[in-house]
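Take a look at the structure below.
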Number of protein chains: 2
Amino acid sequence: MPSTQSQSEHMDEVFKALADPTRRAILDHLKDGRKTTTQLVQEFPQMTRFGVMKHLNILEGAQLVVSKKEGRTRWNHLNAVPLRLIYERWVSGYENQWAGSLIKLKHAVESKHTSTNSQKKGDPQ
Amino acid sequence: MPSTQSQSEHMDEVFKALADPTRRAILDHLKDGRKTTTQLVQEFPQMTRFGVMKHLNILEGAQLVVSKKEGRTRWNHLNAVPLRLIYERWVSGYENQWAGSLIKLKHAVESKHTSTNSQKKGDPQ
DNA sequence: CAAAATGGTGACTATATAGTCACATATAGA
DNA sequence: TCTATATGTGACTATATAGTCACCATTTTG
């Protein structure tokens with residue numbers, strides 16, 4: 001059992017953390033390797049330092065980022081584990097669906113060209 | 001490729017749609033098969049019909065749900081494709097990280113015992 | 001057509017979130 | 001110690017989002 005939060009609460013934090021484009025950009029920057037807070041701040045000139053730090057703290061709360069203090073600098077590391085958990089609970093689990101209902105789903109799409117059909121193609125019957 | 005929005009804009013909609021627990025619950029309900037709007041509403045007694053419908057529209061905007069109208073009933077289908085895209089862009093891509101930097105990441109975690117360490121189980125690697 | 005059932009929508013409130021500013025803390029090095 | 005650098009935080013504003021209510025539209029069926 002986790003310590004302070006349940007698994008689903010953790011997932012909620014992870015999804016909420018991923019919901020912001022700036023935070024996803026931060027993760028992308030950390031993909032190349034660890035960075036200090038100041039280095040990250042420099043990647044977002046349009047935002048204040050504290051803005052970036054708040055995003056960093058949210059990412060750390062979701063355990064998508066792990067930080068290590070070294071002297072007066074804070075090294076921020078990417079942690080892909082929560083992403084892996086999303087895959088296990090939300091992608092692989094849902095793919096059972098594919099074989100079973102993808103055909104009728106396909107029918108649904110084709111026979112309707114749904115409401116918000118962002119993509120062209122169909123004449124609306 | 002979609003017409004009205006870029007891939008990253010679509011991903012943003014998907015992540016934002018997934019950020020809400022009610023919407024994730026709706027997806028879970030649809031996992032068992034298609035449901036009408038009224039059927040879904042009945043699954044959330046604590047929320048009004050319109051509340052559920054707004055969530056449904058958001059899910060449909062993110063293409064996580066596809067709806068098909070049949071007479072006066074609307075059948076809502078799960079569409080797992082965006083989840084699959086999340087995997088391809090945000091999980092498999094990040095797993096390169098694992099081999100490379102998981103060791104120093106592990107050090108970072110250990111030397112800090114960060115915030116909330118939920119999952120112990122097996123250390124990867 | 002009339003009634004009932006299903007679904008859709010505009011306007012509103014309450015709360016959460018993004019982002020900023022000013023100020024505080026801590027470490028490295030002269 | 002003094003100072004520059006790197007990071008941390010409380011309080012605030014602006015905007016987005018969740019959720020509700022009352023009302024409207026469409027379709028089935030008698």
Side-chain angles (χ1 to χ4, degrees), chain A residues 9 12-27 29-30 34-62 64-77 108 111-117 124-125, chain B residues 9 11-27 29-30 34-62 64-77 108 111-112 114-115:
Chain A
E9 279 165 354
D12 193 58
E13 275 193 287
V14 174
F15 276 116
K16 278 183 170 26
L18 289 172
D20 186 271
T22 301
R23 289 195 285 268
R24 293 199 301 277
I26 289 177
L27 294 184
H29 282 297
L30 293 180
R34 68 176 193 174
K35 282 193 168 66
T36 69
T37 302
T38 302
Q39 285 176 331
L40 279 172
V41 167
Q42 290 166 347
E43 310 267 18
F44 300 90
Q46 74 287 4
M47 193 180 304
T48 61
R49 185 172 56 83
F50 190 34
V52 176
M53 281 186 53
K54 276 173 73 171
H55 286 304
L56 266 177
N57 289 334
I58 292 173
L59 287 169
E60 192 166 5
L64 283 159
V65 164
V66 174
S67 70
K68 176 190 180 185
K69 240 187 143 175
E70 202 171 84
R72 67 182 163 185
T73 67
R74 161 173 153 176
W75 288 102
N76 301 283
H77 300 252
S111 70
K112 182 173 191 272
H113 286 166
T114 312
S115 49
T116 59
N117 72 339
Q125 49 195 334
Chain B
E9 280 165 355
M11 288 304 279
D12 193 59
E13 275 192 288
V14 174
F15 276 116
K16 278 183 171 27
L18 289 172
D20 185 90
T22 301
R23 290 195 284 269
R24 292 200 301 277
I26 289 176
L27 294 184
H29 281 298
L30 293 179
R34 69 176 192 176
K35 284 192 166 64
T36 68
T37 302
T38 302
Q39 285 175 330
L40 279 172
V41 167
Q42 289 166 348
E43 311 265 19
F44 300 89
Q46 74 286 4
M47 194 179 301
T48 62
R49 185 170 57 82
F50 190 34
V52 176
M53 283 186 52
K54 275 174 72 171
H55 285 305
L56 265 176
N57 289 335
I58 291 172
L59 288 168
E60 193 166 4
L64 282 159
V65 164
V66 175
S67 70
K68 176 190 182 184
K69 242 188 143 174
E70 202 171 83
R72 67 182 162 183
T73 67
R74 161 173 154 175
W75 288 102
N76 301 283
H77 300 251
S111 70
K112 180 164 192 283
T114 309
S115 43

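By convention in this document, chain letters (A, B, ...) are assigned in the order of the sequence lines, proteins followed by strands, and residues within each chain are numbered from 1.
- Proximity of Leu59(B) to Leu30(B): side-chain heavy atoms (C-beta onward) are nowhere separated by under 4.5 Å.
- Residues Pro21(A) and Glu9(B) fail the side-chain proximity criterion, which asks for heavy atoms closer than 4.5 Å.
- Within the nucleic acid shown, Gln46(B) comes within 4.0 Å of sugar-phosphate atoms alone, with no base atom in reach, counting heavy atoms only.
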For residues 47-56 of chain A, tabulate all N or O donor-acceptor pairs below 3.5 Å that involve a side-chain atom, not counting sequence neighbours.
unit_1	atom_1	unit_2	atom_2	d
Thr48(A)	OG1	Gly51(A)	N	3.2
His55(A)	ND1	Arg23(A)	NH1	3.0

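- Within the 4.5 Å cutoff, the side chain of Leu27(B) has heavy atoms near those of the Val65(B) side chain.
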Treat primed atoms plus P, OP1 and OP2 as sugar-phosphate and everything else as base, then score nucleotides 1-6 of chain C 5' to 3': B for base contact with protein heavy atoms under 4.0 Å, S for sugar-phosphate contact only, - for none.
---BBS

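- Computed from coordinates, the Leu40(B) CG to dG8(C) P distance equals 12 Å when rounded to whole Å.
- Ala19(A) approaches Asp12(B) most closely through the heavy-atom pair O-OD1, 3.8 Å.
- Scanning DNA chain C for stems, defined as runs of 3 or more consecutive Watson-Crick or G-U wobble pairs whose donor-acceptor distances all fall under 3.5 Å, gives the following ranges: C:1-30 with D:1-30.
- The two atoms that bring Val14(A) and Ala62(A) nearest to each other are CG2-O, 3.6 Å, heavy atoms only.
- Under the salt bridge (charged side-chain N to carboxylate O under 4.0 Å, His left out) criterion, Asp20(A) pairs with no residue, sequence neighbours left out.
- The backbone N or O of Arg74(A) lies less than 3.5 Å from no partner atom in the side chain of Lys69(A), so there is not a single donor-acceptor pair.
- For the pair Glu43(A) and Lys35(A), the minimum side-chain heavy-atom distance is below 4.5 Å.
- The interatomic distance linking Glu13(B) (CD) with dT17(D) (C1') rounds to 14 Å, in whole Å.
- Looking at Thr73(B) and Thr37(B), their side chains never come closer than 4.5 Å, going by heavy atoms from C-beta outward.
- Atoms CD (Glu70(B)) and P (dT27(D)) sit 13 Å apart, rounded to a whole Å.
- For DNA chain D, the residues of residues 49-58 of chain A within the heavy-atom distance limit of 4.0 Å (strictly under) are Arg49(A), Phe50(A), Met53(A), sorted by number.
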Walk me through whether Gln39(B) and Trp75(B) qualify under side-chain contact (heavy atoms from CB on, under 4.5 Å).
CA-CA 10 Å; Gln39(B) 285 175 330; Trp75(B) 288 102; 3.9 Å; yes

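- Rounded to an integer number of Å, the gap from CE of Met47(B) to P of dT17(D) is 16 Å.
- Contacts between residues 16-24 of chain B and DNA chain C, defined by a heavy-atom separation below 4.0 Å, involve no residue at all.
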